[in-house]
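Every value quoted in this text rests on a predicted model; they were computed, and no experiment measured them. Labels below follow one simple rule: chain letters A, B, ... track the order of the sequence lines, proteins then strands, and each chain is numbered from 1.
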2 protein chains.
Amino acid sequence: MPKATVERLPLYLQCLQAMGDSETTVSSDVLANIAGVNSANVRKDLSYLGSHGVRGVGYDRLELCVQLRRALGLTDKWPVVIIGVGNLGSALANYQGFDPSGFNVIGLYDADPSKIGDPVDGHRIKSMEELELDIKEHDVQMAILTTPAGAAQEVADMLVGAGILSILNFAPALLKLPDTVKCRQVDLATELQILSYYQATRTA
Amino acid sequence: MPKATVERLPLYLQCLQAMGDSETTVSSDVLANIAGVNSANVRKDLSYLGSHGVRGVGYDRLELCVQLRRALGLTDKWPVVIIGVGNLGSALANYQGFDPSGFNVIGLYDADPSKIGDPVDGHRIKSMEELELDIKEHDVQMAILTTPAGAAQEVADMLVGAGILSILNFAPALLKLPDTVKCRQVDLATELQILSYYQATRTA
DNA sequence: AGCTGTGAACATATTCACAGCC
DNA sequence: GGCTGTGAATATGTTCACAGCT
């Protein structure tokens with residue numbers, strides 16, 4: 001499946017879920033409008049699912065959700081760990097969308113001994129030693145990194161050593177990782193700077 | 001400038017800044033390695049800056065930083081507002097990277113009357129009425145949206161009405177905006193789901 | 001009539017490969 | 001020798017346009 005398509009599938013899923021149960025059927029045109037994409041693009045993307053829309057009608061909304069979830073590997077819940085329980089880590093820990101999206105936060109970890117044991121959204125913050133054990137015990141493959149930039153690489157190395165294969169990195173630091181590990185970087189400064197470019201170009 | 005290039009410029013800037021003052025000169029090869037990009041790609045990207053690297057030597061690091069910042073429209077600081085001071089909004093308010101990145105948080109706003117006046121990182125949370133006034137008074141063009149999903153569209157409409165032209169949206173909701181307004185969506189569930197796809201494909 | 005699925009056309013992005021300069 | 005800048009080649013992504021099904 002093309003990279004560009006993979007990156008749009010969650011968007012379609014989000015659109016379909018947001019529509020609610022009012023519609024049983026959705027056309028590529030309607031979905032395209034909500035998602036802000038060309039309708040041919042939607043059809044081509046969905047064709048990779050081996051999806052079967054009905055000509056003259058559209059796609060069955062619920063069946064399409066199931067197919068999207070299957071294609072994205074969301075049939076079972078992935079266990080994930082969150083490392084670094086500062087403001088951002090706490091914010092993510094409190095996020096209510098993990099479960100419906102297909103993920104299960106199994107633990108929060110921090111290097112600061114004074115935080116260990118503190119409650120956050122039904123969890124108690126655990127130590128880095130426990131992190132390594134938990135990853136191995138629960139076969140965790142995905143980690144969310146919300147440490148300060150300075151600690152990110154060190155933690156990442158440990159995660160990789162423990163068997164983590166996918167990292168979602170919110171720390172403003174570029175990680176050096178083996179290419180067996182997939183990483184997505186979410187960076188506030190980067191996003192704002194991209195907006196800045198278009199904002200500046202507008203007036204120029 | 002190509003969209004793909006614009007989205008890489010902040011990355012280069014981040015790499016150059018992270019290098020510190022040890023190097024006065026950088027080759028496309030070195031930068032490419034740190035950024036995880038092909039070196040021809042780096043050179044082509046930088047050629048849009050009207051940059052002048054020196055053959056046989058490379059680029060002057062500091063001059064390149066200046067050129068990148070200029071190209072991204074970061075010569076002056078952009079005033080930005082943050083709307084929705086929950087966990088995530090607080091996390092962003094405490095982020096130390098705004099100033100060096102070229103942004104200046106001028107205010108935090110929340111719809112919840114019980115929060116108004118609370119201190120967060122040197123600011124006091126203000127009301128939505130003040131938001132509208134502040135935007136007009138300071139000519140603010142960029143807003144960061146960290147409200148709950150349910151409130152996002154309503155707030156966005158207000159922002160657009162007040163004159164905001166760029167929105168960085170962390171709320172898990174797709175905004176319907178006039179096409180004069182540029183929006184970037186940062187969505188945790190989406191990012192994890194993309195990782196899920198690659199994680200699942202790995203074993204399949 | 002209304003929609004999907006898809007080949008063909010087009011557009012964008014990446015990489016190669018090398019001439020040209022320091 | 002070592003690097004940049006860039007045309008040409010390739011790869012990827014998007015959109016058009018329409019045949020084909022219901």
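Of the listed nucleotides (D/dT6, D/dG13, D/dC21), D/dG13 has the atom at the smallest distance from the side chain of A/A4. When the nucleotides D/dG13, D/dT4, D/dT14 are ranked by their closest atom to the side chain of A/P2, D/dG13 comes out on top. Closest to the side chain of A/R8, from the set D/dT14, D/dG5, C/dT4, is D/dT14.
Residue A/S39 is out of contact with every strand shown, counting any heavy-atom pair closer than 4.0 Å.
For the 3.5 Å distance criterion, the side chains of A/S127 and A/E130 qualify, holding a donor opposite an acceptor.
In this entry the distance linking CG of A/L31 with P of C/dC3 reads 14 Å, nearest Å. At whole-Å resolution of the value, CG in B/L49 and C1' in D/dG5 are 13 Å apart. In this structure, A/N38 places its CG atom 16 Å from P of C/dT6, rounding to the nearest Å. Nucleotide D/dC21 holds its C1' atom 13 Å from the OH atom of A/Y59, rounded to whole Å. We find that CZ of B/R61 is positioned 16 Å from P of D/dT4, with the value rounded to whole Å. If you take CD of B/E7 and P of C/dT12, they are 14 Å apart, rounded to a whole angstrom. For B/L64 and D/dG5, the CG to P distance is 10 Å, given to the nearest whole Å. The CZ-C1' distance, from B/R43 to D/dC3, rounds to 8 Å in whole Å.
On a pure distance criterion of 3.5 Å, no polar donor-acceptor pair joins the side chain of A/K44 and the base of D/dT14. Counting atom types as modelled, B/R55 pairs a side-chain N or O with a base atom of C/dG20 as donor and acceptor under 3.5 Å.
Contact between the side-chain N/O atoms of B/S28 and the OP1/OP2 oxygens of D/dT4 is found at a separation under 4.0 Å.
Contact check on A/D21 versus A/R61 returns a salt bridge, with a Lys/Arg side-chain nitrogen under 4.0 Å from an Asp/Glu carboxylate oxygen.
Remark: side-chain polar atoms of A/T146 are paired, donor with acceptor, to backbone N or O of A/G84 under 3.5 angstrom. A/Q153 contributes a side-chain N or O that, together with a main-chain N or O of A/K176, makes up a donor-acceptor pair within less than 3.5 Å. When atom types are taken as modelled, the side chain of B/H123 and the backbone of B/A93 share no donor-acceptor pair closer than 3.5 angstrom.
Both A/V54 and A/A40 sit near DNA chain D, but only A/A40 has its closest nucleotide nearer the 5' end.
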